[in-house]
Structure formats: structure tokens, C-alpha cells
Number of protein chains: 2
Amino acid sequence: MPRRPSPPLAPRKTPKQARSSRLVEAILQAAIRVLERDGAAAFTTIRVAERAGVSVGSLYQYFPNKESILFRLQEEEWAATSRLLDGIFNDTRLDAAERLRAAMRAFFRTECDEAPLRRALGDAAPLYRDSPQAHEKRERGLPALAALIDAAAPGLTPRKRAFAAELYITAMTAIGKQVSEADRTPAEVDAWATATADMFLAYLRESKRR
Amino acid sequence: MPRRPSPPLAPRKTPKQARSSRLVEAILQAAIRVLERDGAAAFTTIRVAERAGVSVGSLYQYFPNKESILFRLQEEEWAATSRLLDGIFNDTRLDAAERLRAAMRAFFRTECDEAPLRRALGDAAPLYRDSPQAHEKRERGLPALAALIDAAAPGLTPRKRAFAAELYITAMTAIGKQVSEADRTPAEVDAWATATADMFLAYLRESKRR
DNA sequence: ATAAAATACGAATGATCATTCGCCTTCACA
DNA sequence: TGTGAAGGCGAATGATCATTCGTATTTTAT
């Protein structure tokens, strides 16, 4: 859907009193439950409001529209993922290659644990994807990643290093998503994560040689 | 949307006369144009019918519902992709590794050329994904791929070979999709395809060693 | 205690769609 | 040339939703 006037996603007003903060929290939790249990197609403002034990009108006090709820959830997913990866990237107990492997496994694991929510958010993505806000975040934590790649494969040109970092993230998110959508056992998911990391590390080693 | 009664996707009736075959063809072409130009959200039966210069009623003579049109288009995409890959996998002028590279590039290229259509079909996927028919196809052309992998990395156990084949397909579709969604120049797309193939080939070589 | 500010409510509004069905037109064939 | 089958039409139906707004309740500050 191109050329949509791209609706506002920012909160309409911010909660001032304790009860309204609770209300916003209840709406977000309810939104997650609706997405997990009923999927993106059943994600309607009325359903979310009633699952939160709140009226539609109240919902619209704090969210300008349906998309803004989805966007907010997606933002929180991104933030959590960033924290997760950053923690592993900076874990000095492991060497560079092991950190890249561990991060891949951790990402695949959460992607798999939260598969219904992630899938539903993905299905709903067309609703919020084209908004201006959606394109700001993205390349957080890439400095740490570039440093890690340098440690794993010293001597790459900055250009190649940057490309490798993007490749790592892209392979992680793309393959992780696809793997979590087929439903697999945790052991299988781990095997896929390891294979993806192995693929990337093998590529890095060969890049170094050339 | 789980637990939906999964609507029929099979054609309601088959065209008997030339004019109705033309009508079905016109509807499919119009559906493609609507998806490409207006996106999945604007994909309504009325819009498709009027773009085809046909009435909604006529559309429903040959398609039981909206989803069946999307499903039909997706099937045709799959078939075209299978033909493309199979042609390259069996191109005896190239050695195994080169065929795997060439197939990756060709796939990324078409994915990129048809980006708007592919993206819209992906956005609409929730509408037809959970139907029984959707899960039949999938692993076509994998025998040829396994043979190719055996040629590129002889001596893998059948188990590892099968896994590698799945990994190749998964990396291709997942990364290809992600790359086509960011809009990139053809040269960049080629670089991503090459990198993805390189990653896979490096992985294969290291698998052999172990 | 009381007024002003915040919150909460939910029926009503207006729009959009998928799908149907009764009726008309065109085709194939005898 | 007549007739039954196939094809085509599009207004009408029924449902679902996002969003608003007038009103009622609760909180805060004085």
C-alpha cells in the first residue's frame, strides 16, 4: 500500500495518573495476548479493549489508531532484541567466533519461543511498515558487531567489514524468521542457528584469505 | 489467524468457452497489476474486476473467493521459480559450484525485478497461507540440488546433504526476500546473491573437512 | 469540600468489503 | 432458426471495523 497518508503513530496523550498508566499497560498486554492467541486478522481495537477490560474510547485516549499499538509492540521487540544481542556481543568470556555463534543461537531461540507473536507482528507489518518512524531504528549495535568481525577475521577492509556486519544481521533475521515459521523442535532450531553461524564464519575465513 | 475454516481455493468452475478463458486470464492479469501498483491492502474483488473490465459476478463464476486468486498467483510464481532453478541446476556447461552461484543470482534478480508483486503477495500471505493446498508443494527440485551438493562437496552423509539442500533453499528465499524489500540497485542485489552463495559454498567446504 | 482537570465509557457513525442472486445475453448445436 | 447451456452483469445484502463524541465518573489541588 504505497501513497497512504501514513497515519500518526505517536501517543495521543501521555498518562498522568497511575490508573491511566495501568490502562496503557493493560492495553499493551492485551494486544500481545490477542496477537498470540488469535493472530493478526483478529487484531481489532474492540477486541483488544475488551481483552484489556477497558472501553474502546479509553484506548483511543492514548493511541491515535490501531497501527500505533502494533508499532509500539514492534519497537519493544526491537529494543529487547538489541539488548539481548548487545549483551552477548560484549561478553568477554567468549572469543569473537563464539560470540557470533552464541548470539545467533540466542536470537533463533527467542524467535522460536515467541513464534506466534512474532509471526502475527510480521503479518500486521504492512499496517505500520511504511510510516516514517519505522525507518529510524535499525542499525543499533552494529559498531559492536563490526569490532567482533574484525576480531574474528582481522585485516578486512572497512568496506568488507561493514558488508559482513549487514550480512550477519540479514542472515540472522531472515533465516531466523523463516525457521521460526515452520514449527520445529528446539533442537532443530538450534541446529539451524548453528548452521547459519557456521555459514557466516566460513564466509569470513574465506574473505580473509582473498 | 489460526482455526479459520480454511476456505476453498479450487476454481469454482472451469472455463468452457473461449471468452471465459479470456476472462479468467484478464482477471489474473488485473490481479497482478493491482498488487503491483496498489499493494495488498487495495486488493479487493471489486477493484480487480473493474481493472479487468469485468463484473464482480463474473469473477465469482471462476474463483470461489478472493484468496483463491492470490493462491493461484502464488502457485504460478512458485512454478516459474522452479523452472528457473531447475534450468540452471541442470546446465552442464557449468561446474557444481558455479551452478549454485548462478541459481542464487538468478533468483535474487527475479525477486528484485518483481519486487512489488512479490512483496504484495507476501503481505497477503496470511489470507491463503493456512489452507491445506498451500502446504503440498514446496520441495520440488530438491533431488537435483542434492546431486549438485554432492558434486560440490563429495562424501557428505545423506543426512548432511539433505540438510545442506534445505539450508541453500532457506537462505536463498529468506535472504532474497529481505534484500528485495529494501530497494537496492541491481549491482547491490548481485553482490548480496554472490555473498549468500559464497557463504553457502564456504560452509559446504568446511562441512566436507569435518 | 469543591472546582477544574483527567479519565473512562460505549452507543452511534460512516466506510469498506466479500459475496450472492435474479435477470439478461451469447454461444453451440441440431 | 430455435433452444438449452454457458457466460455475464451489478445492485443489494449483511457483516465487520476504526474512530468519534457527548456524558458520566474519579482524581488532584486548593
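Here is how names work: the chains are called A, B, and so on, in the same order as the sequence lines, proteins then strands, and each is numbered from 1.
- For the pair A:K66 and D:dA18, the criterion of a side-chain N or O lying under 4.0 Å from OP1 or OP2 is met.
- Using a 4.0 Å heavy-atom criterion, one finds that B:T45 contacts the bases of the nucleic acid, with or without backbone contacts as well.
- Salt bridge A:E25/A:R22: absent, no basic N to carboxylate O contact under 4.0 Å.
- Checking the phosphate oxygens (OP1, OP2) of D:dG8, no side-chain nitrogen or oxygen of B:S55 falls inside 4.0 Å.
- Residue contacts for B:S20: at a heavy-atom cut-off of 4.0 Å it reaches the sugar-phosphate backbone alone, with no base atom in range.
- Where B:I46 and B:R19 each meet DNA chain D at their nearest nucleotide, the meeting point lying more 5' is that of B:R19.
- Nearest-nucleotide positions on DNA chain D for B:V56 and A:F43 put B:V56 closer to the 5' end.
- Contact check, B:S58 against D:dG7: no side-chain N or O comes under 4.0 Å of OP1 or OP2.
- Of the possible polar contacts, none joining the A:Y168 side chain to the A:I149 backbone as a donor-acceptor pair under 3.5 Å is found.
- Map B:G57 and B:A18 each onto its nearest nucleotide of DNA chain C; the residue landing nearer the 5' end is B:G57.
- Side chain of B:K66 to backbone of B:F43: a donor-acceptor contact under 3.5 angstrom is found.
- Checking D:dA6, D:dT19, C:dT7 against every side-chain atom of A:Y60, the shortest atom distance belongs to D:dT19.
- Distance, A:L59 CG to C:dT7 P: 15 Å, rounded to whole Å.
- Of the candidates D:dG7, D:dA18, C:dC9, C:dC9 carries the atom nearest the A:Q61 side chain, counting heavy atoms from C-beta on.
- Minimum atom distance to the side chain of A:L23 is reached by C:dA8, of the listed D:dG8, C:dT19, C:dA8.
- Salt-bridge formation is not detected for the pair B:K177/A:E181: no Lys NZ or Arg NE/NH1/NH2 atom is positioned less than 4.0 Å from an Asp or Glu carboxylate oxygen.
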